[in-house]
Amino acid sequence: MKVLITGGAGFIGSYLADAFLERGDQVICMDAGSIAKVQHNFGNPNFVFVHDSILNEAMVDSLVAQVDLVYHMAAVVGVEHYVGDPYAVLNVNVNGTQVVLRAAYKHGKKVVFSSTSEVYGRNPKTPWAEDDDRVLGSTRIDRWCYSTSKAVGEHFCFAYHKLGLPVVVLRYFNVYGPRLDALDRGRVVTIFLGQALRNEPITVVGDGKQTRCFTYITDAVKATVAAGLVPGAVGEIINVGSAVETTILELAETIVRLSESKSQIVFVPQEKIYGTSYEDVPRRVPDTTKMENLLGVKAETPLEEGLKHTIEYFRQGCSS
Ligand code: UDP
């Protein structure tokens, strides 16, 4: 089988490429960013890298035409971008997704779309089943532009599905592991890890009682591969996440302990880190019934085990 992965040099995309190559499939990886996460596959005859943006419609069209299955993982991700450059988030995520879906529809190729648990916003009723409500704040709060951009992508997926295109929508819950962002950047795990490895204060936003369900990369990738292969996933939205809820304070304490850091934990107001265009999500918990029943995958890697691998990776200076 031949698979196209847009955003294939990103965090989840690069592991997905590895997984399909291990199965013996051919992978075309399209990405406009750094090649660091896929460089180890250069030289593999089953791996092709195309350094280009999904906004290049002619290129996307020609690549989609060559493959059996499309994973659309390319997106502008990370809270720093939501509040720092909402234009890029909306432009790439909304317009880029249309480019990919248009080509897939033209050539009749199945698409697995990487969406996000951000789509649920701050719905207070947890755990979230896939058809639960989206509860978001004002459009004056830039934080919600990512959630909205991915929800528009999902609507486009289902609009094309009505026209006959096979689509699967995956909503990821705080996936982490080696190759996640770079130290100090992106998401909370790499931010805390950068601080811990330098023995600097760990900046817990608010009171640290907000929760996330941290999902180890290999579990998320198992579910992602299955989503492209299992016929019953077509036309579905599926949460991809661990069911274990962890507070951000617990995460900070665990990272300090596992990395044997001398860091102190400090509590900082959210405005200090993200300015006024940010609003936190108090609890984020998936209902994982569909993932388990439809994809046959349970995200079982314990947080401590996943963090140990992640700490080891970043300790060795692999910060790309
Ligand atoms: N967070 C924190 N300190 C930081 C960065 C993030 O306490 O230096 C918190 C953030 O407020 C949120 C959680 O960690 O409650 C997860 O943030 P992240 O940016 O990883 O993504 P999110 O899960 O909110 O999409």
Side-chain angles (χ1 to χ4, degrees), residues 7 9-16 31 33-39 73 75-85 89 114 116-118 143 146 172-206 208 210-221 240-242 244 246-268 270 272-274 278 280-281 284 299 301-320:
F11 171 49
I12 301 178
S14 68
Y15 279 97
L16 190 61
D31 204 298
S34 159
I35 60 168
K37 295 179 170 73
V38 287
Q39 219 161 5
M73 316 297 285
V76 179
V77 189
V79 173
E80 68 196 40
H81 297 294
Y82 316 161
V83 298
D85 194 355
V89 171
S114 67
T116 171
S117 49
E118 272 277 315
R143 194 237 157 86
Y146 177 67
Y172 293 102
F173 282 70
N174 290 81
V175 183
Y176 74 101
R179 297 188 205 158
L180 174 67
D181 302 312
L183 283 182
D184 304 308
R185 285 224 339 264
R187 281 151 275 195
V188 66
V189 170
T190 32
I191 292 172
F192 284 178
L193 208 43
Q195 294 166 337
L197 293 180
R198 292 190 304 272
N199 299 307
E200 287 171 3
I202 307 276
T203 54
V204 169
V205 167
Q210 67 273 39
T211 69
R212 297 293 184 268
C213 292
F214 293 98
T215 308
Y216 192 57
I217 182 66
T218 50
D219 294 326
V221 167
V240 175
S242 157
V244 180
T246 304
T247 69
I248 295 303
L249 180 56
E250 278 164 2
L251 176 76
E253 289 165 348
T254 309
I255 287 179
V256 168
R257 178 166 49 81
L258 294 179
S259 63
E260 296 172 337
S261 168
K262 295 187 180 64
S263 292
Q264 301 293 314
I265 290 170
V266 295
F267 295 90
V268 291
Q270 60 182 45
K272 209 170 158 192
I273 298 200
Y274 294 115
Y278 176 76
D280 214 332
V281 174
R284 179 186 285 163
T301 308
L303 182 62
E304 291 213 2
E305 185 188 324
L307 283 176
K308 278 183 196 161
H309 295 309
T310 312
I311 291 167
E312 192 52 37
Y313 172 85
F314 283 106
R315 227 195 251 291
Q316 286 168 3
C318 304
S319 59
S320 53

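Count residues from 1 along the sequence.
- Taking 4.5 Å as the limit, some side-chain heavy atom of Val175 sits within range of a side-chain heavy atom of Ile12.
- Contacts of Thr116 classified as side-chain contact (heavy atoms from CB on, under 4.5 Å), with partners at least two apart in sequence or in another chain: Glu118, Val119, Tyr146, Lys150.
- Expressed to the nearest 0.5 Å, how far OH of Tyr216 lies from CG of Leu307 amounts to 9.0 Å.
- Applying the 6.0 Å contact sphere to CD of Gln264 captures no more than 12 heavy atoms from other residues, nucleotides or ligands.
- What you find for Leu249 and Phe267 is that their closest heavy atoms are CD1-CZ, 3.9 Å.
- Partners of Thr211 by side chain to side chain donor-acceptor pair (under 3.5 Å), not counting sequence neighbours, listed by chain and number: Glu245.
- A donor-acceptor pair is defined here as one N or O able to donate and one able to accept, closer than 3.5 Å; no such pair exists between the side chain of Glu305 and the backbone of Pro302.
- No side-chain heavy atom of Leu180 sits less than 4.5 Å from a side-chain heavy atom of Tyr313.
- Taking CD of Glu253 as the start and OG1 of Thr247 as the end, the distance is 7.0 Å to the nearest 0.5 Å.
- Sequence neighbours left out, the pairs with a member in residues 187-200 that pass salt bridge (Lys or Arg N to Asp or Glu O under 4.0 Å) are Asp181-Arg187, Asp184-Arg198, Arg198-Glu200.
- Closest non-hydrogen pair, Ser263 versus Ala196, comes out as OG-CA, 3.5 Å.
- Contact of the Val189 side chain with the Asn174 side chain is not registered, since no non-hydrogen atoms from C-beta on lie closer than 4.5 Å.
- For the pair Leu251 and Thr246, the tightest heavy-atom approach, listed with the atom from each and the gap, is N-CG2, 4.0 Å.
- Without hydrogens or angle criteria, Ser261 side chain to Leu197 main chain gives no donor-acceptor distance under 3.5 Å.
- Taking CZ from Arg315 and NZ from Lys308, the interatomic distance works out to 12.5 Å, rounded to the nearest 0.5 Å.
- Identified under the ring-ring contact (aromatic ring centres under 6.0 Å, His included) test for residues 183-204, with sequence neighbours left out: none.
- For the residue pair Ser14 and Val38, the shortest heavy atom distance occurs at CB-CG1, 3.9 Å.
- Considering OG1 of Thr190 and CD1 of Ile255, their distance stands at 8.5 Å, rounded to 0.5 Å.
- Side-chain polar atoms of Asp280 and Gln270 form no donor-acceptor pair below 3.5 angstrom.
- Within the 4.5 Å cutoff, side-chain heavy atoms of Thr301 are placed close to those of Thr218.
- Shown here for Pro178 and Ile217, the closest heavy-atom pair between the two residues is CD-CG2, 4.4 Å.
- Residues Met73 and Leu16 share a closest heavy-atom pair of SD-CD2, 4.2 Å.
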Legend entry - side-chain contact (heavy atoms from CB on, under 4.5 Å) assessment of Leu303 paired with Tyr176: CA-CA 10 Å; Leu303 182 62; Tyr176 74 101; 3.7 Å; yes
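- Between the OG1 atom of Thr310 and the CZ atom of Phe214 there is a distance of 11.0 Å, given to the nearest 0.5 Å.
- Separating the CD1 atom in Ile311 from the CD atom in Glu260 is a distance of 9.5 Å, to the nearest 0.5 Å.
- Although no hydrogens or angles enter the test, the distance criterion places a donor-acceptor pair under 3.5 Å between the side chain of Gln210 and the main chain of Val205.
- Panel note: side chain Thr215, backbone Ala220; no donor-acceptor pair is recorded below 3.5 Å.
- In terms of the side chain to side chain donor-acceptor pair (under 3.5 Å) criterion, residue partners of Tyr172 (sequence neighbours excluded) are, by chain and number, Thr224.
- Residues meeting the side-chain contact (heavy atoms from CB on, under 4.5 Å) test with Glu312, sequence neighbours left out: Gln316.
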